[in-house]
Every structure is written in structure tokens, then in C-alpha cells.
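A quick note: this is a predicted structure, and the numbers were derived from the prediction, not measured.
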Amino acid sequence: MKKKKNDDFLMSPTVDYCFKELLAYPEVRKGFVAAILGKNPEEIEETILMPTILSKDTENGKYGILDVRVCMKNGTQMDLEMQVAPFEFWNNRVIFYLSKMYAEQVKEGDKYKNLKPCIQVSILNFNLFHEDRTCFREIAFCDLTTKQKYTDLLEIYVLELKKLPPEQKEEPLIIKWMRFLAAESREDFEKMAGEDNYINEAYEVLQKLSADERKRLEYEARQKAIRDYDSQMSSSREEGIRIGVDRLNQFFI
């Protein structure tokens, strides 16, 4: 018997497969990038998807593989990463990606004055900063005493979806986008789609992706891979704890 299709099924944007598919659409990309930068979407003239593999500096170097890499008309590059599960040394990974993007611009004979800004955006479905409840923050190089910004060429934005506060009136657009990305029901998606034309465009794309049988199978395969990885890591941690306890017991016997 043919399995009955669930008409209420919607992919979750927190799964990196879905996130990358959404950002493949220029209008969705334009609206989200504008919200992150606090600009009117019409100020974002053009966004172009770039190759997501960062090259190795040396034969023994390490590749960098990004989720979504965007170049704007003014040359600014942006790396957008969706991460569901806690990732040890996430800060180190972000700096690695950001520095590789920045360094890749320089070829032999190039002048430093031609370097363009590079931005890293972390969309996290876990808490990275445990000291406060700030869900959206901009991080830049600055003088620790005067707080004066050192450069506009390197910036990091962190979006912590788990810290979203109770909904309020007149919220910044980036918070509305975060609510959309974190939505868990069709009602939640529809509510946020009514808040902004570009979020509505993202919702329409989400529905189209979710109705595509091939993309749904790819999405479910990615979901399974994530679950299997998390399960494997959890088992490894438990085994490590068990071994550690056994050794301590042997030590004190």
C-alpha cells in the first residue's frame, strides 16, 4: 500500500539542507542578509552565491567547507552557518573560516587596500554564550579600553535561537527572521510570514521545497545523518565517562 503523504509536513530551516536550499533563492537571501546587517532590503542590490569550499594554504593544510557563502555587489563576503547541535570549539572554527575567506582575497601582487569586508554569521540552535540572554549579537575587533572599532573588515554575527524572548510588539526584523527559522509548526511559520514580505517569500519557498518528493528524501537523509552522528557522539562520551570511572575505581581500590 502506498504511504499516505502528510500534507502538513514542512522542513525545518534548522536542518542545514533546508537552510541552504532556502538561501539559494535570491529574494530570500536578500531579505535575510538585510535583516542581519540592519539595512533596508532595497539597499542590498545583489547577492551572489560563491563556492563553499575554502582552499588549503599548504599541502598539509585544512579545507574549509561552508554552508552558504555570499558575495554582495560591493565585494563584501558573508559565510552563513546553521548549526543545530553544540559544537566543541565553535569559536575556533568561526575564526578559521573567517580568516581563510579574508586571506583568499589576496593574490600575488595585490594591494591590501583592495581587501573587502568578510562577515561570518552563526545561526545556532544551542546556547553559545551562557552568561546572558542576548539572542543576537554583533562582534568586531575593537580597542578593549576605548571600545573604538579597529576595523570594519572582519565581523561576526551570532544568532542563538534558543534564547529568543517572548514575542513583543515592534520587534527588529532580524528577531522575526530568527522566529521563522526556529518555528516548529505551520501556524508559527504562517504567523511570521505575515510580518514581512521577504519572510513570506521564504515561507512560500519552504512550502515548495517540502512538497518536492526528491528534496524531501534528501532532507530526510540529511536528518538521519545528523541523528546518527549525534547518537555516535553521545555513545562515545558515555563510553569515555565509563572508562574514566572504571580507572578511578581501580586507582582507589
Side-chain angles (χ1 to χ4, degrees), residues 10-54 64-84 94 97-98 100-102 104-105 116-125 135-138 152-161 164 171-183 188-190 192-212 215 218-219 222:
L10 284 174
M11 295 181 184
S12 170
T14 58
V15 175
D16 55 6
Y17 173 85
C18 177
F19 178 71
K20 288 185 276 191
E21 289 288 325
L22 283 174
L23 270 292
Y25 286 76
E27 288 300 293
V28 177
R29 201 162 60 240
K30 178 179 180 179
F32 187 45
V33 167
I36 292 169
L37 300 178
K39 295 184 177 182
N40 186 308
E42 300 311 311
E43 295 180 59
I44 310 296
E45 298 181 58
E46 185 179 25
T47 58
I48 300 171
L49 290 177
M50 298 181 66
T52 55
I53 298 180
L54 299 171
I65 303 177
L66 313 179
D67 279 352
V68 180
R69 186 181 181 186
V70 174
C71 183
M72 287 173 267
K73 191 172 182 178
N74 63 2
T76 297
Q77 290 188 46
M78 181 180 286
D79 162 39
L80 301 107
E81 299 288 320
M82 174 65 75
Q83 180 67 25
V84 176
V94 164
Y97 284 173
L98 187 60
K100 282 189 76 70
M101 273 201 309
Y102 187 69
E104 268 194 2
Q105 299 180 71
K116 301 296 183 181
C118 287
I119 300 169
Q120 203 287 328
V121 182
S122 296
I123 305 105
L124 309 177
N125 205 29
C135 65
F136 174 75
R137 70 184 78 217
E138 177 185 0
D152 290 322
L153 291 175
L154 295 171
E155 291 184 338
I156 298 169
Y157 291 85
V158 181
L159 290 64
E160 295 174 273
L161 302 181
L164 278 167
E171 290 184 321
L173 193 53
I174 186 57
I175 301 300
K176 295 178 181 179
W177 269 100
M178 290 176 66
R179 293 195 189 284
F180 173 81
L181 294 174
D188 291 338
F189 283 118
E190 290 177 348
M192 299 321 301
E195 295 287 325
D196 175 73
N197 289 336
Y198 290 92
I199 298 179
N200 183 65
E201 177 75 15
Y203 179 51
E204 290 181 0
V205 170
L206 182 65
Q207 292 181 94
K208 183 168 75 171
L209 292 172
S210 301
D212 185 309
K215 291 190 179 298
E218 292 173 351
Y219 168 84
R222 178 56 182 157

Would a distance-only check, ignoring hydrogens and angles, find a side-chain to backbone donor-acceptor pair under 3.5 Å from Arg29 to Leu23? yes

Have Asn197 and Glu201 got a donor and an acceptor in their side chains that come within less than 3.5 Å? no

Please check this pair: side chain of Ser12 against backbone of Thr14, looking for a donor-acceptor N/O pair closer than 3.5 Å. yes

Using 4.0 Å as the upper bound for N to carboxylate O, is an ion pair formed by Glu171 and Arg179? yes

Does the plane of the ring in Phe189 sit parallel, tilted or perpendicular to the ring in Phe180? Use 30° and 60° as the thresholds. perpendicular

Check: Arg69 main-chain N/O paired with Thr52 side-chain donor or acceptor under 3.5 Å: no

Separation between OG1 (Thr47) and NZ (Lys73), nearest 0.5 Å, reads 12.0 Å

Is a side-chain N or O of Gln105 found less than 3.5 angstrom from the main chain of Lys116, in a donor-acceptor match? yes

Would the distance check show the side chain of Glu81 and the main-chain N or O of Asp67 forming a donor-acceptor pair, the cut-off being under 3.5 Å? yes

Would you check if Tyr17 and Lys215 make a side-chain contact, meaning some heavy-atom pair closer than 4.5 Å? yes

Counting distance only, does the side-chain N/O of Tyr157 pair as donor-acceptor with the main-chain N or O of Leu37 below 3.5 Å? no

Please confirm whether the backbone N or O of Val15 pairs with a side-chain atom of Arg222, one donor and one acceptor, at under 3.5 Å? no

Carboxylate-amine/guanidinium proximity below 4.0 Å for Glu42 and Lys30: yes

Could you state the interatomic distance from CG (Leu164) to NZ (Lys176), rounded to the nearest 0.5 Å? 13.5 Å

Spacing of CD1 belonging to Ile36 relative to CD1 belonging to Ile123, to within rounding of 0.5 Å: 6.0 Å

